[in-house]
Enquirer: 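Got a structure here, written out as structure tokens. Questions coming.
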Amino acid sequence: MSTTTTLYTPDGTVVINKIGHGLTSMTGTGDHPDERCFEAIKAGIDSLPAGVKMFLNAGITANLEMLSRFFEKYPDYADRTFLSVKGGAKAGTLIIDGSDENTTRSVNTILEKLRGTKKVDLFQCARVDKSVPIEQTLGLLAKFVKEGKIGSIGMSEVRAETLLKGHKVHPITAVEIEVSPWEYDPEAKEVISVAQRNNIAVIAYSPIGRGFLSGEIKSIEDLQDNDRRRIMPRFQNGNLEKNLAVFDKLVAIANEKGIKPAQLAIAWVSSLGPRVVPLPGSARTDRTLENLGSNYVAFTPNELEKVTEVIDNAVVAGGRVPEAFVKYLWA
């Protein structure tokens, strides 16, 4: 079992840890002071062997501003990370806009927020604008790669067919899709298969079910008032209680193995392929190190069969995003 994987970029290959670190929870799921976030980022990077980079993923403006403050305080950590940033929405909204004007604005805004503290190693539009040809948006991003504005291009929430179409415009370094024990459908399986054949890394976001499989969320009241998960259907009262039944089965397997439920979820996602990189999010040092420890969880064939059986037979209550955002999935 390898604890690393390789990214193929226009500048050459990059070795990253097989488990990344999502930063969205640092500014999107409650109030987390800079120092707490900084300590979690540093601890994760410091835990890696020499020469292995941490895959960091940021997106919303607050994330980037926090990250720029981190790299200003700890500049030596910039070269020890591979930074992926998601953008592409209209300014101040969640409305997808793949036009040349907005894509340019989005990339420039990201660079402005980072203030030169760290290179954007990979840029991806968070969702696909179906009103704009994918060739147009990726063609513009390819121009930005050539100009040195961004290091490489990724895609997010796309079908295998769309991924291949984009890969023909410009080599795609990574594709980001949601994969977890409660989110593993035929579309995800096909994307993983196509990515494997084309040396494209699969960044599997929310491998712990947006934190649900950590075991700390028993009701919606366990989430802070400003936590965006409150609008997610699977966390709504009624649905959440039903989903706990699936969680309880995975907890039993994790307890038998002597690991945390979150580690079981992350390790299972990682087992889906040598180029599948789970991307759990965390704003806490202990949770970050716990997540990264999943790199060393090895399943016996019998254990893997048990986990897969639970997942294959799971009936998950509620959609993974609010109804208004379903149209942006699997473009």
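Just so you know, these numbers use all the heavy atoms, side chains as well, and skip hydrogens, waters and symmetry mates.
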Enquirer: Going by side chain to side chain contact (heavy atoms under 4.5 Å, CB included), Phe55 matches just one of Thr81, Leu7, Asn17. Which one?
Expert: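 Going through the options one by one, the only one that passes is Leu7.
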Enquirer: Are there over 12 heavy-atom neighbours, none belonging to Glu101, within less than 6.0 Å of that residue's CD?
Expert: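 Open: at most 12 neighbouring heavy atoms sit under 6.0 Å from CD of Glu101.
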Enquirer: So Leu264 and Val297, side-chain contact (heavy atoms from CB on, under 4.5 Å) or not? Walk me through it.
Expert: CA-CA 8 Å; Leu264 180 142; Val297 173; over 6 Å; no
Enquirer: Return each pair, listed once, that meets salt bridge (charged side-chain N to carboxylate O under 4.0 Å, His left out) where at least one residue sits in residues 157-181; pairs must be two or more places apart or across chains.
Expert: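 Qualifying pairs, neighbours excluded: Lys86-Glu176, Glu157-Arg320, Arg159-Glu161, Glu178-Arg210, Glu178-Arg320.
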Enquirer: Give a yes or no on whether the backbone of Ser282 and the side-chain of His21 come within a donor-acceptor separation of less than 3.5 Å.
Expert: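 Indeed, once roles are kept as given, a pair shorter than 3.5 Å links the two residues.
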Enquirer: Would you call Pro181 and Leu213 a side-chain contact if the rule is heavy atoms closer than 4.5 Å?
Expert: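 The answer is yes, as the side chains (C-beta and beyond) meet within the 4.5 Å cut-off.
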Enquirer: Sub-3.5 Å donor-acceptor pair from the side chain of Ser106 to the main-chain atoms of Gly88, do we have one?
Expert: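 Looks like yes, one N/O pair under 3.5 Å.
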Enquirer: Do other residues, nucleotides or ligands put more than 12 heavy atoms under 6.0 Å from Lys146 NZ?
Expert: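 At most 12 heavy atoms, drawn from other residues, nucleotides or ligands, come within 6.0 Å of this atom.
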Enquirer: Using side-chain contact (heavy atoms from CB on, under 4.5 Å), reason through Ile217 and Leu223 one step at a time and then give a plain yes or no.
Expert: CA-CA 7 Å; Ile217 304 170; Leu223 304 175; 3.8 Å; yes
Enquirer: Within the 4.5 Å heavy-atom criterion, are Gln124 and Ile203 side-chain neighbours or not?
Expert: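 They are not in side-chain contact.
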Enquirer: Is it possible for you to check whether Lys73 lies under 6.0 Å from the centre of the six-membered ring of Phe38, through NZ or CZ, and within 45° of that ring's axis?
Expert: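 No.
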Enquirer: Are any side-chain N or O atoms of Thr104 and backbone N or O atoms of Asp100, one a donor and one an acceptor, separated by less than 3.5 Å?
Expert: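 Yes.
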Enquirer: Examine distances only and state if a side-chain atom of Thr137 and a backbone atom of Ile134 form a donor-acceptor pair shorter than 3.5 Å.
Expert: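 A pair under 3.5 Å: no.
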Enquirer: With no hydrogens and no angle check, just 3.5 Å: does a side-chain donor-acceptor pair link Ser206 and Glu183?
Expert: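 Not at all, the side chains of Ser206 and Glu183 share no donor-acceptor pair under 3.5 Å.
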Enquirer: Side chains of Asn108 and Arg105: any donor to acceptor distance under 3.5 Å?
Expert: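 Checked: Arg105/Asn108 side chains show no N/O donor-acceptor pair below 3.5 Å.
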Enquirer: Can you list every ring-ring contact (aromatic ring centres under 6.0 Å, His included) pair that touches residues 253-294, not counting sequence neighbours?
Expert: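 Qualifying pairs, neighbours excluded: Tyr184-Trp268.
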Enquirer: With distance as the sole test, does Glu303 use its side chain to make a donor-acceptor pair with the main-chain N or O of Thr300 at under 3.5 Å?
Expert: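 The answer is yes, because a donor-acceptor pair under 3.5 Å joins these two groups.
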Enquirer: How about Asp129 and Ser131: does a side-chain donor come under 3.5 Å of a side-chain acceptor?
Expert: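 Short answer, yes.
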Enquirer: Please determine if Asp97 and Arg127 form a salt bridge, counting it only when a charged side-chain N lies under 4.0 Å from a carboxylate O.
Expert: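 No, this pair does not count.
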Enquirer: Sorted by first residue and then second, give each salt bridge (charged side-chain N to carboxylate O under 4.0 Å, His left out) pair with at least one member in residues 304-316; sequence neighbours left out.
Expert: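 For residues 304-316: Glu256-Lys306.
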Enquirer: Does a donor on one side chain and an acceptor on the other come within less than 3.5 Å for Gln263 and Asn291?
Expert: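 Judged by distance alone, the side chains do not pair up.
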Enquirer: Would you mind listing every salt bridge (charged side-chain N to carboxylate O under 4.0 Å, His left out) that reaches into residues 43-64, with sequence neighbours excluded?
Expert: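 Every salt bridge (charged side-chain N to carboxylate O under 4.0 Å, His left out) pair that includes a residue of residues 43-64, provided the two are not neighbours, is Asp46-Arg80.
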Enquirer: So do the side chains of Arg230 and Phe235 get within less than 4.5 Å of each other, counting heavy atoms only?
Expert: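 A side-chain contact under 4.5 Å is absent here.
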Enquirer: Under the 3.5 angstrom rule, does the side chain of Ser180 hit a backbone N or O of Pro207 as a donor-acceptor pair?
Expert: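 No, Ser180 side chain to Pro207 backbone: no donor-acceptor pair under 3.5 Å.
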Enquirer: Measuring from Thr109:OG1 to Leu64:CG, what's the distance to the nearest 0.5 Å?
Expert: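 The OG1 atom of Thr109 sits 9.5 Å away from the CG atom of Leu64.
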Enquirer: Stepwise, does the side-chain contact (heavy atoms from CB on, under 4.5 Å) test hold for Leu83 with Leu67?
Expert: CA-CA 10 Å; Leu83 177 61; Leu67 202 52; 3.5 Å; yes
Enquirer: Are more than 12 heavy atoms from other residues, nucleotides or ligands located less than 6.0 Å from atom NZ of Lys42?
Expert: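 Yes - once you tally the heavy atoms of other residues, nucleotides and ligands closer than 6.0 Å, there are more than 12.
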Enquirer: Contact between Phe144 and Phe123 at the side-chain level, heavy atoms closer than 4.5 Å - yes or no?
Expert: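 With C-beta onward as the side chain, the pair stays apart.
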Enquirer: So, for His32 and Ser25, which heavy atoms are closest and what is the spacing to 0.1 Å?
Expert: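 That closest heavy-atom pairing would be CD2-O, 3.2 Å.
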Enquirer: Could you pull out the closest heavy-atom pair between Ile96 and Val128, with the gap in Å?
Expert: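 For Ile96 and Val128, the tightest heavy-atom pair comes out as CG2-C, 3.9 Å.
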Enquirer: Decide yes or no for Val158 and Val191: does some side-chain heavy atom of the first lie under 4.5 Å from some side-chain heavy atom of the second?
Expert: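 No - every pair of side-chain heavy atoms lies 4.5 Å or more apart.
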Enquirer: Looking at Val14 and Phe82, what are the two nearest heavy atoms and their distance?
Expert: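 Looking at all heavy atoms of both residues, the closest pair is CG1-CD1, 4.1 Å.
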Enquirer: Are Phe299 and Pro301 close enough that some pair of their side-chain heavy atoms sits under 4.5 Å apart?
Expert: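 No, side chains not in contact.
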Enquirer: Would you say the side chain of Ile200 lies within less than 4.5 Å of the side chain of Leu163, judging by non-hydrogen atoms?
Expert: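 Result yes, sub-4.5 Å side-chain heavy-atom pair found.
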Enquirer: So Tyr74 and Tyr77, would you call those rings parallel, tilted or perpendicular, with 30° and 60° as cut-offs?
Expert: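 Perpendicular: the ring planes of Tyr74 and Tyr77 meet at over 60°.
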Enquirer: If you take all heavy atoms of Gly20 and Pro280, which pair is closest and at what distance?
Expert: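 In terms of heavy atoms, the two residues are closest at O-CD, 3.5 Å.
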Enquirer: Would Asn57 and Ser84 count as having a side-chain donor-acceptor pair, cut-off 3.5 Å?
Expert: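 Side-chain D/A pair, Asn57 to Ser84: present.
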Enquirer: Side chains of Arg284 and Thr288: donor-acceptor distance under 3.5 Å anywhere?
Expert: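 Thr288 and Arg284 do not have a side-chain donor-acceptor pair below 3.5 Å.
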Enquirer: Backbone N or O of Gly238 within a donor-acceptor pair of the Glu241 side chain at under 3.5 Å?
Expert: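 It does hold such a pair.
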Enquirer: Ignoring hydrogens and geometry beyond distance, is a side-chain donor-acceptor pair present between Thr9 and Ser152 at under 3.5 Å?
Expert: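 There is no such pair (donor and acceptor under 3.5 Å, judged by atom type) between the side chains of Thr9 and Ser152.
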Enquirer: For Asp34, what residues pass the salt bridge (charged side-chain N to carboxylate O under 4.0 Å, His left out) criterion, not counting sequence neighbours?
Expert: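 Here the qualifying residues are Arg69.
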Enquirer: For Leu279 and Gly22, work out which heavy atoms get closest and say how close.
Expert: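 Distance-wise, the nearest heavy atoms are CD1-N, 3.6 Å.
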Enquirer: State, to 0.1 Å, how close Asn63 and Ala58 come at their nearest heavy-atom pair, and which atoms those are.
Expert: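 Heavy atoms of Asn63 and Ala58 come nearest at OD1-CA, 3.9 Å.
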Enquirer: Tell me the side chain to side chain donor-acceptor pair (under 3.5 Å) pairs involving residues 269-281, sequence neighbours left out?
Expert: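 Found Lys18-Ser270.
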Enquirer: Answer whether the closest heavy-atom distance between the side chains of Ser193 and Arg197 falls below 4.5 Å.
Expert: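 A side-chain contact exists here, since the closest heavy-atom pair is under 4.5 Å.
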Enquirer: Can you check side-chain contact (heavy atoms from CB on, under 4.5 Å) on Ile41 and Leu23, steps first, answer last?
Expert: CA-CA 9 Å; Ile41 296 171; Leu23 307 181; 4.2 Å; yes
